Structures are given as structure tokens and as C-alpha cells.
J.: 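Input: one structure, supplied below.
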Amino acid sequence: MRLSAFALSTTKETPADAEIVSHQLMLRAGMIRKLGAGLYTWTPLGIRVLRKVESIVREEMDAAGALEVLMPAVQPAELWQQSGRWEAMGDLMLRMTDRAERQYCFGPTHEEVITDYAKRDISSYKQLPVNFYQIQTKFRDEIRPRFGLMRAREFIMKDAYSFHMDEADLDREYQVMRAAYARILDRIGLDYRIVAADSGAIGGAKSEEFHVLAHSGEDELAVAENGAYAANIEAATTRASDTPRPAPGGELRKVDTPGVATIADLCAALELPAEATAKAIVVMGEDDKPVLLVLRGDHSLNEIKAEGIDGIATPLQFADESTIREHFGAGPGSLGPVNVNLRVIADYGVQNAADMAVGANYDGAHFVNFNWGRDAVEPEFADLRNVVAGDPSPDGSPLSILRGIEVGHVFQLGDKYSRALELSVLDENGKSITPQMGCYGFGVSRIVAAAIEQCFDNAGICWPTAIAPFELVIIPIKADKSAAVREACDKLYAECRQLGIDVALDDRGLRPGPMFADAELIGIPHRVVVSDRGIEAGTLEYKGRRDSENSEIEYSVEALRQKLGR
RNA sequence: CGGAGUAUAGCUCAGCUUGGUAGAGCGCCACCUUCGGGAGGUGGAGGUCGUAGGUUCAAAUCCUGCUACUCCGACCA
């Protein structure tokens with residue numbers, strides 16, 4: 001591509017409404033332009049990156065035996081009413097009405113449509129297993145779109161849906177897709193982790209997420225040192241420590257703590273570390289009676305774990321202040337497990353602790369030296385909190401916490417949709433069965449942003465070569481003055497193209513500084529400079545995007561080809 | 001939806017407190033000089049100051065409503 005005809009539009013200044021690096025750099029490099037909240041135009045530069053990601057995804061899906069289809073973005077309401085999700089999706093779904101007042105949505109996902117398609121075309125076990133995928137625009141009316149492409153409302157996703165005769169075959173295909181996703185990320189060249197995910201309301205089904213590691217990631221991942229365990233913090237489990245509970249030290253004692261409402265206040269007032277305190281959280285049970293949850297002061301409640309406990313209302317509902325006062329006689333901030341006639345569930349983190357500071361259920365007072373068994377009956381113990389670095393994983397290896405950007409999710413759906421939409425096939429005995437389904441999502445547009453979050457420096461983006469908008473840029477020096485430079489550039493450009501190198505020639509006629517700055521900002525992995533000096537000396541000046549210095553190579557397309565590692 | 005903030009030229013912002021004739025830098029166009037790391041000069045184009053109303057002789061500026069966008073929380077590829 002000749003950049004003079006490429007509508008490149010870069011800026012030095014960072015747009016005011018971009019908060020994270022990928023968003024800032026994509027705007028500065030001119031890859032995307034905002035139309036509205038969560039809505040972006042892909043420019044000629046941006047779409048080159050997007051298309052490269054798509055190609056890799058498509059190749060790997062094809063190689064894994066999945067079949068490409070393309071489903072409508074606009075979907076009739078009836079289908080969603082059948083699956084029960086017309087209501088369940090709520091405001092996430094963009095709804096619309098046609099001229100005859102029929103209702104539609106802009107598809108946020110395609111389980112319903114694919115199942116409807118399968119229903120029309122699949123009727124025999126001989127047609128299974130099968131896996132259909134598409135690369136397509138989705139719209140989700142996110143409560144809060146943000147961070148540019150990271151959480152856009154309209155975005156491009158590769159979604160695949162597989163159909164199976166039984167769970168064993170679903171599991172087989174799940175592993176195939178899992179491996180395909182790993183290959184995609186390996187080929188793109190990003191550092192990632194596969195983690196166990198919360199399987200949500202469809203309990204029991206297996207689900208894993210693929211996260212690109214980045215400091216700006218929205219998700220926390222708990223990864224065991226020995227590599228045997230990795231989970232999204234939402235789903236990461238831990239266990240009680242192996243250290244036995246020490247014997248009680250002092251007697252339970254009530255201390256005045258006027259004005260203390262938080263663990264931080266309490267620590268300051270009593271000069272204790274947060275680990276020596278316990279906090280109390282009151283949630284509602286399914287029977288509408290409050291349940292007291294007790295956690296170590298420095299730990300945080302994991303709401304998914306809490307609502308997963310039998311007897312606790314789903315979705316999790318925190319008790320309001322009047323309910324708390326009615327049952328405890330004190331407000332939040334002074335609550336504890338002493339003299340409580342309600343169900344008490346304590347986290348493993350306080351199971352083997354002694355002499356804790358806890359609320360006294362009396363405004364402005366706390367107990368010190370609280371001990372289970374002695375000062376309150378032994379409660380139920382459960383895994384209630386978000387794990388923290390250093391916690392033991394289920395097999396004992398210590399966990400560390402990483403941050404990641406979710407770019408893929410593989411999921412065993414079971415028969416939720418096939419049953420709801422009445423998909424059935426005949427088995428070899430002529431008996432009707434409901435197929436098992438799997439679904440596999442991959443955020444094509446999101447991974448472009450995720451790649452930048454992982455690969456950038458002060459000058460701009462440092463693309464992995466596999467998804468760079470161009471592999472190589474040729475920069476002429478004083479092309480307007482030197483016919484030799486112009487001819488050399490044209491020749492080198494043509495030769496590179498013949499070799500299949502994805503090359504850009506910066507023939508915009510700019511001064512060198514802006515050309516260098518643009519090449520670095522848009523992240524082209526390889527750069528050569530063509531000048532009279534070099535032509536006379538028989539050398540090309542080469543610089544890799546991450547190199548700190550230039551290097552001289554022989555003036556030949558062959559030497560350049562080797563430098564590019566082709 | 002709850003909380004916080006912003007809205008003036010294509011972009012980044014000043015002007016608003018104390019009402020009085022629209023500003024800078026970058027970018028864009030033309031010409032000249034420059035030309036190996038975001039050059040300099042001269043001239044130029046470009047804004048109904050988000051929007052609707054109100055107060056006033058007079059509103060970018062004060063008041064009210066609305067809208068859009070950004071950030072913090074629950075949601076997700």
C-alpha cells in the first residue's frame with residue numbers, strides 16, 4: 001500500500017475522552033472513529049488489523065472442523081420468547097419494531113437462531129456432531145459501554161455452536177475448541193491464560209475463559225504457582241488453612257468504639273491489623289430471614305459464591321438497615337456473631353482464627369478476643385470470599401493474582417436451548433433425543449484492543465507481526481530531491497510485494513520525523529529507510545519496532561527478507 | 001439505573017468568577033525557506049459557544065429544563 005493513497009490520519013494529541021492505552025492509541029493512530037457511545041467506525045488502517053485477526057480465527061475454526069455460516073443480525077421476538085430470554089435479557093437487548101408492528105431484536109448472541117436453523121436441517125444422528133460458526137456483528141446495549149472497543153455496544157464476535165448426541169461427545173468437541181482457541185492466541189502472539197469461569201445460572205455446565213494478560217484488564221485471575229489451577233476470581237475457590245486454630249488468648253471484652261463504622265476505622269481505633277478483625281455482612285435468605293455472613297476484615301465477599309449457598313436468596317440481596325436493626329439492635333458497622341439467633345455462615349478465612357475483634361451488635365462498641373465455640377456457637381463454614389494472593393488453591397499450591405482481558409469463552413450449554421426450542425434428532429434405534437450443545441465465543445474486535453494493551457510503548461503500538469496492519473514500512477529520505485531514492489523505493493516496494501510481504505511505502509512526501517513517528521505510532525513491526533547515502537553505500541537501514549538502534553543490512557530484498565524472518 | 005463530571009474551530013484547551021462585538025496551540029489550504037526524529041515565515045479557510053427556554057438594553061458568560069459524552073458501581077466476547 002502506498003500511504004499517499006491510504007487516508008492515514010494520525011494525531012499527536014491524546015483525545016480527551018479516551019481513558020485506557022488501547023483506546024487512546026487506536027484513536028491517535030486513526031484506527032477507529034467514534035460515532036456514539038460504544039459505536040465505532042473502523043478506518044482503512046484499523047480494518048487491516050481486524051481482518052488479520054478474522055483470518056486467523058477463520059483458519060483455525062476451519063482447521064478444527066467447524067463450518068462457517070452467517071446468521072441474521074436482526075432476529076424475530078418469537079424465537080426469544082420460546083427460549084424464555086425475551087424477558088430474561090432485559091435492557092441488554094436492543095429491540096425494534098417493523099412496519100407491521102412485529103417485534104425484533106438486534107442479536108446480542110445467536111443460540112436461538114442457530115438452534116432454529118439446526119431444527120430445520122438436522123434430524124438424524126448421522127448428521128451429528130456438527131459445529132457451526134460465524135464472524136458477525138453483535139449488539140449488546142451495555143449498561144455502561146467504556147474503554148473504546150474493550151466494551152463497545154456494537155462489536156465483532158466469532159460465535160460457534162456445536163450439537164452432539166451425548167455429553168461425552170460434547171466434551172470431546174469442547175476440548176477441540178479449547179485447543180483451537182489456544183492456537184489462535186498462540187498465532188496472534190499474545191500472553192494469555194485459560195481460567196475456569198463461573199458457569200452462572202446454568203449450574204454444572206463446564207466453562208472456561210481465555211484472558212489476554214494486561215495490567216488494565218477488567219478481570220482478576222487466580223493462578224496457582226504450580227500451574228495446575230487457574231480461575232477467574234469470580235469462580236476461584238480456596239480452602240481453610242491447614243494451620244490449626246490457636247487456643248483463645250484473653251477473655252471476651254467489650255470496648256467502646258464510638259463512630260467506628262468500617263474495618264479501617266476499627267483497625268485505627270484498636271491498633272489492630274485488619275487480619276485480626278472479622279466483618280459481618282447481612283444478606284437475605286430464601287425464607288426472607290436474614291443470614292449473617294462473617295469474613296476476615298481484609299477479605300471481600302464473593303457474591304456469586306454467597307448466592308450459590310443453599311438457602312440464600314438468588315440474586316443476592318443485602319439486608320436493608322431497618323431489617324438489620326430489627327434483628328441485631330445495631331446498625332451496619334457494629335455487627336458481629338455474638339448472641340445472634342440467625343443462621344451464621346463464616347468464611348474459611350476465619351475458621352482457624354482466634355482472638356478476633358468483632359462488632360458487638362451495639363452501636364459504637366466492639367468485642368475483642370472473640371473466639372468461635374466459646375463466645376458463639378461454631379457456625380457453618382464455607383468459601384464465601386474472593387481469593388487473595390497467597391491463598392492455597394484447592395490442591396494447596398499458593399495462588400497469585402493476575403489481571404486479564406476476556407477474549408474468549410468456551411461453554412458446555414447442555415440441552416437448555418435444544419430443549420426449549422424443541423430440537424430433536426432420531427438415534428440409531430429410531431428414538432428421539434435432545435442434542436447436547438456447546439457454544440464458543442471469541443471477541444474479534446476486542447482482541448485488537450487487548451493486543452494493544454499488552455504491546456505498546458511511549459511511541460505507540462507494537463503489534464505482534466501476525467496482526468500488524470503492515471509488516472514492513474519503507475521510508476524514503478528526500479524523495480522529492482532524489483530520483484534515485486524514488487526509483488529505489490518503487491523497486492524495493494514492488495519486490496517486497498512479489499515476495500508476498502505486506503508492505504507500506506510512505507510516499508506522502510513528509511519530512512522524516514513525522515514519517516518515523518507515524519510508523520511507530522501505528523506499530524509497523526519492521527522499517528527500512530532508503531536514502532542516497534544508503535544507495536551509494538549499498539546498504540539499507542533497518543529497524544525493528546522494538547529495537548532501540550538502527551542496523552545496516554545489505555541493500556537487497558533478499559537481505560531484507562531474511563531480516564523479516566521469512 | 002444510582003453517584004461524579006464535561007459540552008466553545010477537525011483535535012487539545014483558554015475565555016465564564018465580575019454579562020459588552022469569538023481566542024491560542026496543533027491540524028487544514030496557498031506561497032516561500034527548510035528537509036535523517038512531529039521545521040520556520042507570510043497569508044488564508046473554519047465556530048448560530050450541545051440544545052430549548054428564561055433574566056437583561058445586551059448572554060459563551062447568570063437561571064431553568066432537556067440531550068449527548070466521559071468516569072466510578074452491577075453486566076459481558
Side-chain angles (χ1 to χ4, degrees), chain A residues 9-20 23-24 27-28 30 33-39 53 57 88-93 107-110 134-160 181 184 197-198 200-201 207 209-212 218-219 232 234 303-304 307 315-318 404-411 439-450 459-460 475-482 485 508-521 527 529-534 541 543 550:
Chain A
S9 178
T10 60
T11 62
K12 263 189 289 189
E13 279 170 311
T14 302
D17 59 2
E19 205 67 22
I20 63 168
H23 192 198
Q24 292 171 350
L27 289 170
R28 283 190 52 207
R33 292 294 175 228
K34 185 170 78 176
L35 178 65
L39 302 172
V53 173
V57 170
M89 277 282 171
D91 291 336
L92 185 72
M93 205 150 70
T109 179
H110 280 67
Q134 64 174 346
I135 297 174
Q136 194 230 23
T137 298
K138 300 278 185 281
F139 189 97
R140 294 183 187 173
D141 198 357
E142 295 282 348
I143 299 164
R144 189 152 86 82
R146 62 184 143 176
F147 301 149
L149 291 184
M150 205 64 87
R151 184 178 298 279
R153 292 197 294 175
E154 189 174 304
F155 60 99
I156 299 186
M157 177 163 139
K158 188 284 301 174
D159 46 328
Y181 276 30
I184 290 168
D198 169 44
S207 160
E209 295 167 348
F210 288 69
H211 285 260
V212 168
E218 289 189 89
D219 285 289
N232 192 305
E234 294 170 354
E303 300 187 16
I304 293 168
E307 72 186 22
L316 194 67
Q317 194 194 338
F318 293 97
I405 299 164
E406 185 186 351
V407 296
H409 198 159
V410 290
F411 197 45
C439 77
Y440 319 93
F442 193 89
V444 173
S445 47
R446 177 181 282 181
I447 204 168
V448 174
I475 295 185
I477 301 292
K478 291 191 200 170
D480 58 327
K481 294 269 171 60
S482 167
V485 167
R508 292 177 296 169
L510 302 182
R511 294 151 36 82
M515 285 195 285
F516 293 147
D518 277 350
E520 282 157 11
L521 175 60
R527 169 187 108 185
V529 174
V530 173
S531 64
D532 280 321
R533 214 160 70 190
E541 184 180 309
K543 187 169 179 293
N550 292 323

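In this text, all values refer to a predicted model and were calculated from it rather than measured experimentally. We name chains A, B, ... by the order of the sequence lines, and we start the count at 1 in each one.
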J.: Starting at the 5' end of RNA chain B and moving along, which residue's nearest nucleotide shows up first, A:Asp17 or A:Leu149?
T.: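 Closer to the 5' end of RNA chain B: A:Asp17.
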J.: According to a strict under-4.0 Å criterion, is A:Arg144 in side-chain N/O contact with OP1 or OP2 of B:rC72?
T.: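 Yes, within the criterion.
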J.: Out of B:rA77, B:rU12, B:rC1, which nucleotide sits closest to the side chain of A:Pro15?
T.: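 Nucleotide nearest to A:Pro15's side chain: B:rU12.
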J.: Check every atom of B:rC35, B:rA39, B:rC69 against the side chain of A:Lys34 and return the nucleotide holding the closest atom.
T.: B:rC69
J.: Between A:Arg140 and B:rC76, does any side-chain N or O lie under 4.0 Å from OP1 or OP2?
T.: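 The answer is no; no side-chain N or O of A:Arg140 sits under 4.0 Å from OP1 or OP2.
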J.: Which base sits across from B:rC62 as a Watson-Crick or G-U pair, both distances under 3.5 Å?
T.: B:rG54
J.: Return the CE to OG1 distance between A:Met157 and A:Thr137, rounded to the nearest 0.5 Å.
T.: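 Spacing of CE (A:Met157) from OG1 (A:Thr137) equals 11.5 Å.
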J.: How far does the C1' atom of B:rC76 sit from the matching atom of B:rG10, given to the nearest Å?
T.: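 34 Å, rounded to whole Å.
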J.: Find out whether A:Glu218 and A:Phe147 are in side-chain contact, i.e. whether some heavy atom of one side chain is under 4.5 Å from a heavy atom of the other.
T.: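 Yes; the side chains approach each other to less than 4.5 Å.
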J.: Round to the nearest Å and state the distance from A:Leu27 atom CG to B:rG10 atom C1'.
T.: 14 Å
J.: First locate atom CD1 of A:Ile447, then atom NZ of A:Lys158, and finally report the distance between them rounded to the nearest 0.5 Å.
T.: 11.5 Å
J.: For A:Pro108, answer base if it contacts any base atom (sugar-phosphate contacts may also be present), sugar-phosphate if it contacts only those atoms, and nothing otherwise; contact means non-hydrogen atoms under 4.0 Å.
T.: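 Here A:Pro108 touches no strand at all.
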J.: Contact class for A:Asn232 vs. all strands (heavy atom < 4.0 Å): base, sugar-phosphate, or nothing?
T.: nothing
J.: Indicate, with a heavy-atom threshold strictly under 4.0 Å, whether A:Ala459 touches base, sugar-phosphate, or nothing.
T.: nothing
J.: Return the minimal non-hydrogen interatomic distance between A:Arg28 and A:Lys12, and the atom names on each side.
T.: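 A:Arg28 and A:Lys12 have their closest heavy atoms at NE-O, 3.4 Å.
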J.: Contact class for A:Glu209 vs. all strands (heavy atom < 4.0 Å): base, sugar-phosphate, or nothing?
T.: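 The residue A:Glu209 makes no contact with any strand.
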J.: Tell me the partner of B:rA39, counting only Watson-Crick (N1-N3 plus N6-O4 or O6-N4) or G-U wobble (N1-O2 and O6-N3) with both under 3.5 Å; none if nothing fits.
T.: B:rU33
J.: For the P atoms, the ones on B:rU48 and on B:rC11, what distance do you get once it is rounded to whole angstrom?
T.: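 Between the two P atoms, the distance is 14 Å.
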J.: May I ask which nucleotide in the shown strands pairs with B:rU6, Watson-Crick or G-U wobble, both distances under 3.5 Å?
T.: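 Partner of B:rU6: B:rA68.
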J.: Check whether the side chain of A:Asp480 and the base of B:rC35 form a donor-acceptor pair under 3.5 Å.
T.: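 By the distance-only test, yes, there is a pair.
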J.: Enter the distance from A:Ile405:CD1 to A:Arg446:CZ here, rounded to the nearest 0.5 Å.
T.: 8.0 Å
J.: Just checking A:Thr109: base, sugar-phosphate only, or nothing, at a heavy-atom cut-off of under 4.0 Å?
T.: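 The answer is nothing, as A:Thr109 stays clear of every strand by at least 4.0 Å.
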J.: Between B:rC72, B:rC76, B:rG37, spot the one nearest the side chain of A:Phe147, thanks.
T.: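 Looking only at heavy atoms from C-beta outward on A:Phe147, the closest nucleotide is B:rC72.
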J.: Classify A:Lys478 by what it touches in the nucleic acid, base, sugar-phosphate, or nothing, heavy-atom distance under 4.0 Å.
T.: sugar-phosphate
J.: Does A:Tyr181 reach a base, just sugar-phosphate, or nothing at all? Heavy atoms under 4.0 Å.
T.: nothing
J.: Considering only the P atoms, how many Å lie between B:rA7 and B:rG43, rounded to the nearest integer?
T.: 32 Å
J.: Donor-acceptor pair under 3.5 Å: do we get one between A:Glu13's side chain and the base of B:rG25?
T.: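 Under the 3.5 Å cut-off, the side chain and the base do form a donor-acceptor pair.
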J.: Reckon A:Lys158 touches a base, only the sugar-phosphate, or nothing at all at heavy-atom distances under 4.0 Å?
T.: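 Nothing, no nucleic acid heavy atom in range.
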J.: Within the 4.0 Å heavy-atom criterion, would you say A:Asp518 contacts the bases, only the backbone, or no part of the nucleic acid?
T.: base
J.: What's the closest nucleotide to the A:Ala517 side chain, out of B:rA39, B:rC69, B:rG38?
T.: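 Of the options given, the side chain of A:Ala517 lies nearest B:rG38.
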J.: Looking at the base of B:rC76, is there any donor atom on it, or on the side chain of A:Arg446, that sits under 3.5 Å from an acceptor on the other one?
T.: yes
J.: Stacking here means centres under 5.5 Å and planes under 30°; does A:Phe442 stack on B:rA77?
T.: no
J.: What's A:Ala16 touching, base or sugar-phosphate or nothing? Going by heavy atoms closer than 4.0 Å.
T.: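 Contact class for A:Ala16: sugar-phosphate only.
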J.: Nearest nucleotide by nearest heavy atom, which residue falls closer to the 5' end of RNA chain B, A:Ile304 or A:Asn550?
T.: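 Comparing both residues, the 5'-ward one is A:Asn550.
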J.: Any idea which of B:rA39, B:rU70, B:rA77 is nearest the A:Pro514 side chain?
T.: B:rA39
J.: Give one of base, sugar-phosphate or nothing for A:Val444, where a contact means two heavy atoms less than 4.0 Å apart.
T.: nothing
J.: For B:rC11, what is the paired nucleotide under Watson-Crick or G-U wobble rules, both distances under 3.5 Å?
T.: B:rG25
J.: Nearest to the side chain of A:Arg146, which nucleotide is it out of B:rC35, B:rC26, B:rC75?
T.: B:rC75
J.: For A:Arg508, which contact category applies under a 4.0 Å heavy-atom criterion: base, sugar-phosphate, or nothing?
T.: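 Nothing: the residue A:Arg508, judged by heavy atoms under 4.0 Å, touches no strand.
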J.: What does B:rA45 pair with, Watson-Crick or G-U, if both distances are under 3.5 Å?
T.: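 Answer to the pairing question: none, since B:rA45 forms no Watson-Crick or G-U pair.
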